[in-house]
Amino acid sequence: MLFDRSPSFSFEFFPPKTTEGAEALLDTIIKLQEFHPSFVSVTYGAGGSSRGLTRSVVHDIQSRGIPTVPHLTCVGHTEAEIEEILEGYITAGARAIMVLRGDPPRNMPYEPGKDAFAHASDLVRFIRKWESRQRLSSRLTLGVAGFAEGHPDSRNRLKEMDFLKAKVDEGADYICTQLFFDNHAFFDFRDRCRLMDIDVPIIAGIMPVTSISSMNRMAELSAGTNFPARLLKAMLRAGGDKASIERIGINYASNQCSELLDAEVDGLHFYTLNRSKATLEIYHNLGFNNYFSLERLRSLNNLYR
């Protein structure tokens with residue numbers, strides 16, 4: 001399965017832990033489904049803590065005819081466990097995997113030395129060998145993470161690009177970046193990838209700021225993320241008004257996406273936090289609901305060929 005170089009549009013969800021959360025996620029999926037996303041990805045808890053939930057969500061979304069990309073991490077897993085998880089995903093209908101190193105679990109015992117895979121590139125290599133042994137009818141599409149503003153754990157940006165290239169050389173099909181707010185950082189990252197002969201689609205990760213608390217959470221979870229002064233100034237002018245802050249965040253993300261599309265970005269990936277409102281409004285602001293016919297939208301939004 002090859003990646004379509006036309007702009008892709010995709011969403012990311014996390015497995016809900018409650019009945020109310022599951023109902024809210026279903027409502028979000030139904031609302032976003034009208035845009036015929038290229039794919040949706042489903043996150044995976046630290047150390048596999050949400051493994052069962054992830055598989056359940058993958059099955060539910062896949063059953064709606066939406067290509068689904070579950071996450072898979074190195075942390076806390078043996079080779080046998082990874083094989084079991086892969087078999088479960090494929091049984092659920094997934095034909096693509098997002099391969100990540102993953103974060104250590106915060107509230108669970110963890111011994112890094114027991115992990116079968118130290119880096120995402122090791123896991124990509126293992127999956128490629130595993131699928132050849134399984135003689136699957138079609139090759140899995142493998143995505144990996146990229147960091148437009150630099151990996152928070154890396155002090156050497158040159159070495160960091162070597163690690164990214166290793167993931168692609170081992171068989172990754174596309175790169176999806178962590179969230180960013182400065183498009184110049186993304187364009188520079190894309191240029192550096194091409195200089196390293198990393199010639200796979202690079203999807204831009206977008207998360208609109210909808211509240212001051214959400215911005216603080218982003219700063220905590222995505223260490224190193226730069227919040228441009230023009231965005232912060234606009235937030236300050238709102239004077240704490242929640243509706244104004246949400247509108248500023250959505251407009252900022254809309255302009256950000258418009259500039260990326262003008263620069264022929266390979267795709268936009270929206271970190272939804274399991275909510276649809278901000279993503280829907282960005283789509284409307286970009287004019288997709290009026291400009292694209294259904295057939296045109298489907299041809300653009302196609303992870304698989």
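Keep in mind that the numbers below use all heavy atoms, side chains included, and drop hydrogens, waters and symmetry copies.
Here the side chain of E81 pairs a donor or acceptor atom with the backbone of T78 at under 3.5 angstrom. Counting only distance, with no hydrogens or angles, the side chain of E160 and the backbone of H151 share a donor-acceptor pair below 3.5 Å. Remark: the backbone N or O of N226 is paired with a side-chain donor or acceptor of E149 at under 3.5 angstrom. One N or O on the side chain of S38 and one on the backbone of F9 form a donor-acceptor pair closer than 3.5 Å. No side-chain donor-acceptor contact under 3.5 Å links T177 to the backbone of G146. Looking at S258, its side chain never comes within 3.5 Å of a backbone N or O of S254 through a donor-acceptor pair. Side chain of D266 to backbone of I202: a donor-acceptor contact under 3.5 angstrom is found. Side chain of D115 to backbone of V75: no donor-acceptor contact under 3.5 angstrom is found.
The CD atom of Q256 lies 11.0 Å from the CG atom of L261; values are rounded to the nearest 0.5 Å. In this structure, CD1 in I127 is found 12.0 Å from OG in S132, a value given to the nearest 0.5 Å. To the nearest 0.5 Å, atom CD of residue E34 and atom OG of residue S276 are 9.0 Å apart. For the atom pair CG (D182) and OG1 (T225), the distance works out to 11.0 Å, reported to the nearest 0.5 Å. Within the model, atoms CG of D60 and CD1 of I29 stand 7.5 Å from one another, a figure rounded to the nearest 0.5 Å. Taking CZ of R133 as the start and CZ of R135 as the end, the distance is 12.0 Å to the nearest 0.5 Å.
Side-chain atoms of T279 and F11, non-hydrogen and from C-beta on, do get closer than 4.5 Å to each other. Looking at F181 and M218, their side chains come closer than 4.5 Å, going by heavy atoms from C-beta outward. Using a 4.5 Å heavy-atom cutoff, the side chains of L26 and R64 are in contact. L273 places none of its side-chain heavy atoms less than 4.5 Å from the side chain of E12. Counting heavy atoms from C-beta outward, V69 and V42 have side chains that stay 4.5 Å or more apart. Residues R192 and D188 have side chains in contact (heavy-atom distance under 4.5 Å, counting atoms from C-beta outward). Taking 4.5 Å as the limit, some side-chain heavy atom of L260 sits within range of a side-chain heavy atom of I206. Between L100 and C74 the shortest side-chain heavy-atom distance does not fall below 4.5 Å.
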Would you sort out whether C193 and M161 count as a side chain to side chain contact (heavy atoms under 4.5 Å, CB included), showing the intermediate values? CA-CA 7 Å; C193 284; M161 296 303 294; 3.8 Å; yes
Side chain to side chain contact (heavy atoms under 4.5 Å, CB included) assessment of I203 paired with I175: CA-CA 6 Å; I203 301 176; I175 297 165; over 6 Å; no
Evaluate salt bridge (Lys or Arg N to Asp or Glu O under 4.0 Å) for D122 paired with K129, printing each intermediate quantity in order. CA-CA 11 Å; D122 301 327; K129 290 181 179 180; over 6 Å; no
Apply side-chain hydrogen bond (donor to acceptor under 3.5 Å, both in side chains) to the pair R230 and Y252, showing each step before the final yes or no. CA-CA 10 Å; R230 64 183 183 279; Y252 186 93; 3.2 Å; yes
Might you work through the salt bridge (Lys or Arg N to Asp or Glu O under 4.0 Å) test for R190 and E264, ending with a clear yes or no? CA-CA 11 Å; R190 186 172 64 176; E264 300 183 344; over 6 Å; no
Under the criterion side chain to side chain contact (heavy atoms under 4.5 Å, CB included), I'd like the reasoning laid out for L286 against C257: C-alpha separation, chi angles, the key distance, then a yes or no. CA-CA 8 Å; L286 293 173; C257 291; 3.9 Å; yes
Stepwise side-chain hydrogen bond (donor to acceptor under 3.5 Å, both in side chains) check, E170 with S121: CA-CA 6 Å; E170 292 292 354; S121 57; 5.8 Å; no
Apply side chain to side chain contact (heavy atoms under 4.5 Å, CB included) to residues T73 and R101 and explain how you reach the verdict. CA-CA 5 Å; T73 66; R101 187 190 69 177; over 6 Å; no
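No hydrogens or angles considered: a donor-acceptor pair under 3.5 Å links the side chains of T68 and Q62. For H71 and T43, the side-chain atoms include no donor-acceptor pair closer than 3.5 Å. Side chains of S211 and S213: a donor on one and an acceptor on the other come within 3.5 Å.
Linking ILVMFWY side-chain heavy atoms closer than 4.5 Å, directly or via other members, places V99 and F163 in two distinct hydrophobic clusters. A single hydrophobic cluster is not seen to contain both I61 and I30; linkage of ILVMFWY side chains at heavy-atom distances under 4.5 Å, directly or through other members, places them apart. At a threshold of 4.5 Å between side-chain heavy atoms, the hydrophobic network of Ile, Leu, Val, Met, Phe, Trp and Tyr places F147 and L123 in two separate groups. In this structure, F13 is a member of the same hydrophobic cluster as L280, with clusters built from ILVMFWY side-chain heavy atoms closer than 4.5 Å. Transitive grouping of hydrophobic side chains (ILVMFWY, heavy atoms separated by less than 4.5 Å) keeps I66 and F14 in distinct clusters.
Salt bridge status for K277 with E246: present, with a side-chain N to carboxylate O gap under 4.0 Å.
Ring centroids of H269 and Y271 are separated by less than 6.0 Å, placing the two rings close together.
Under the salt bridge (charged side-chain N to carboxylate O under 4.0 Å, His left out) test applied with D173, the options K167, R128, R95 reduce to a single match, R128. Results of the side chain to side chain contact (heavy atoms under 4.5 Å, CB included) test with V124 over V144, I97, D169, V168 single out V144 as the only residue that passes.
What you find for V58 and A94 is that their closest heavy atoms are CG1-CB, 4.2 Å. Of all heavy-atom pairs spanning P208 and I282, the tightest one is CG-CD1, 3.9 Å. Nearest heavy-atom pair across M98 and C176 is CE-CB, 3.8 Å. In terms of heavy-atom proximity, P67 sits nearest to P37 at CD-O, 4.4 Å. In terms of heavy atoms, P16 sits closest to G21 at CB-C, 3.4 Å.
Classification of the F189-F186 ring pair by plane angle, with boundaries at 30° and 60°, yields tilted. Between F270 and Y283, the two ring planes are tilted [angle within 30° to 60°].
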